[in-house]
Novice: 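I'd like to ask you about the structure that follows.
Note that ligands are numbered from 1 as they come in the structure, with each ligand's atoms numbered from 1 the same way. Just so we're clear, the structure is a prediction, and the values are computed from it rather than from any experiment.
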Amino acid sequence: MILVKLGGSVITDKSQYRRFDRETAGRLASEIAAAGERMVLVHGAGSFGHILAKEHRLHLGITEDAQLRGAAEVMADVRELDLEMCRCLVHAGLPVVPLPPAACAVMRDGALERLELTTFLRYLDLGMVPMSFGDVVWDEVRGLSICSGDQLMMALAKELRPSRAIFVTDVDGVLTADPASDPGARLIERVDRGTLAALPRTQRNVDVTGSIYAKIQYMIDMAEVAGECLVLNGKVPGRLEAALRGRKVVSSRVVS
Ligand code: IPE
């Protein structure tokens, strides 16, 4: 079984509120369908989630009623993105089933405490492709929290023990610097805890779910429970499909 996260940076334009990249999403859907593997999918929120979630300070917990309206707006927006992604996958011939975290997860102080896995397994066993996504979720301490696609990937990997976990982004993998500000940024082919400590702490960050460090940390933890953990560029046609088929592609391999 393979776990795939389609990052918000690859299926949306992260700089423009609610801008879906239909062309890239459609092509990735075709690549996923063509590979024909047993899979569970997760997608990020990109500009359908981060911009408004930050404006309403949803990642800091609920302290005033006005935030609830903001939370509802973000939930509606990420569901719209999910529907767009579902339509791309169905169009490509994949029997995808959307499983929103708000209905099957519980958070505690920002951490994903419980995820209802039985539902994922039922659909998977039936031959369907369960797909979850970054969402606003009930939190026992904060009222509401942001549940990221990376947290979902970790929880799913712990239980499902995938042979491969693939993070699809808009860059070739983990880089030595932010390519937007440093044209000399190089790909790190093998990422481990040592790599994380050596990375510069200056990368741009508009995300409410943490910097690139938090994301790499999740991937390193994840490498402990997945056979192989890869980060690759979904903007380059064919890379995801090749990786799904077990071929070697330009990517970062994350090891624990
Ligand atoms: C964020 O999920 C969820 C919300 C902001 C509601 P992710 O953190 O997984 O999204 P991306 O992949 O970074 O866009």
Novice: With a 4.0 Å cut-off, would you call Glu31 and Arg27 a salt bridge?
Specialist: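 Result for this pair is yes, salt bridge flagged.
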Novice: Just checking Lys235: does its NZ atom have more than 12 heavy atoms from other residues, nucleotides or ligands closer to it than 6.0 angstrom?
Specialist: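 Buried by this count: over 12 neighbours within 6.0 Å.
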Novice: Ignoring angles and geometry beyond distance, decide whether Lys5 reaches within less than 3.5 Å of ligand 1 through its nitrogen or oxygen atoms.
Specialist: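 Yes - when backbone and side-chain N and O of Lys5 are compared with those of ligand 1, one distance drops under 3.5 Å.
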Novice: Please list, in number order, the atoms of ligand 1 under 4.0 Å from a heavy atom of Gly49.
Specialist: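 Answer, ordered by atom number: 5 (C).
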Novice: What are the atoms of ligand 1, with element, lying closer than 4.0 Å to any heavy atom of Lys14?
Specialist: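 Going through ligand 1 atom by atom, the ones under 4.0 Å from Lys14 are 11 (P), 13 (O), 14 (O).
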Novice: Taking only residues at least two apart or on different chains, which pairs with a member in residues 34-53 satisfy salt bridge (Lys or Arg N to Asp or Glu O under 4.0 Å)?
Specialist: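 For residues 34-53: Arg38-Asp125.
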Novice: Is the shortest side-chain N to carboxylate O distance from Asp139 to Arg108 below 4.0 Å?
Specialist: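 Looking at Asp139 and Arg108, the cut-off is not met.
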Novice: When you look at CD of Glu116, are more than 12 heavy atoms from neighbouring residues, nucleotides or ligands closer to it than 6.0 Å?
Specialist: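 Atom CD in Glu116 is packed in, count exceeds 12.
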Novice: Report yes or no: does Gln67 contribute a side-chain atom to a donor-acceptor pair with the main-chain N or O of Arg57 at less than 3.5 Å?
Specialist: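 Present.
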Novice: I want to know if ligand 1 touches Gly46 in the polar sense, i.e. an N/O pair below 3.5 angstrom.
Specialist: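 Right, the criterion is met.
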Novice: With a 4.0 Å cut-off on heavy atoms, is Lys215 touching ligand 1?
Specialist: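 Yes, Lys215 has a heavy atom closer than 4.0 Å to ligand 1.
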Novice: Classify the angle between the aromatic ring planes of His43 and Phe133 as parallel (below 30°), tilted (30 to 60°) or perpendicular (above 60°).
Specialist: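 Aromatic pair His43/Phe133 classed parallel.
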Novice: Only heavy atoms of Gly44, strictly under 4.0 Å: list the atoms of ligand 1 that pass.
Specialist: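 Matching atoms, with element in brackets: 9 (O), 10 (O), 11 (P), 12 (O).
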Novice: Regarding Glu224 and Arg161, does a basic nitrogen lie under 4.0 Å from an acidic carboxylate oxygen?
Specialist: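 No, this pair does not count.
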Novice: Below 4.0 angstrom from a heavy atom of Gly7, which ligand 1 atoms are there? Numbered from 1 as shown, please.
Specialist: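 The atoms of ligand 1 under 4.0 Å from a heavy atom of Gly7 are 12 (O).
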Novice: Atoms of ligand 1 less than 4.0 Å from Gly149 heavy atoms?
Specialist: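 Near Gly149, meaning under 4.0 Å from one of its heavy atoms, ligand 1 has 2 (O), 7 (P), 9 (O).
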Novice: Side chain or backbone, does Ser9 bring an N or O within less than 3.5 Å of an N or O on ligand 1?
Specialist: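 N/O-N/O distance below 3.5 Å does not exist for this pair.
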Novice: Using a 3.5 Å cut-off on N or O atoms only, is Leu6 in polar contact with ligand 1?
Specialist: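 In fact, backbone or side chain, Leu6 has no N or O that close.
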Novice: If we only consider heavy atoms of His43, is any one of them less than 4.0 Å away from an atom in ligand 1?
Specialist: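 No, His43 has no heavy atom closer than 4.0 Å to ligand 1.
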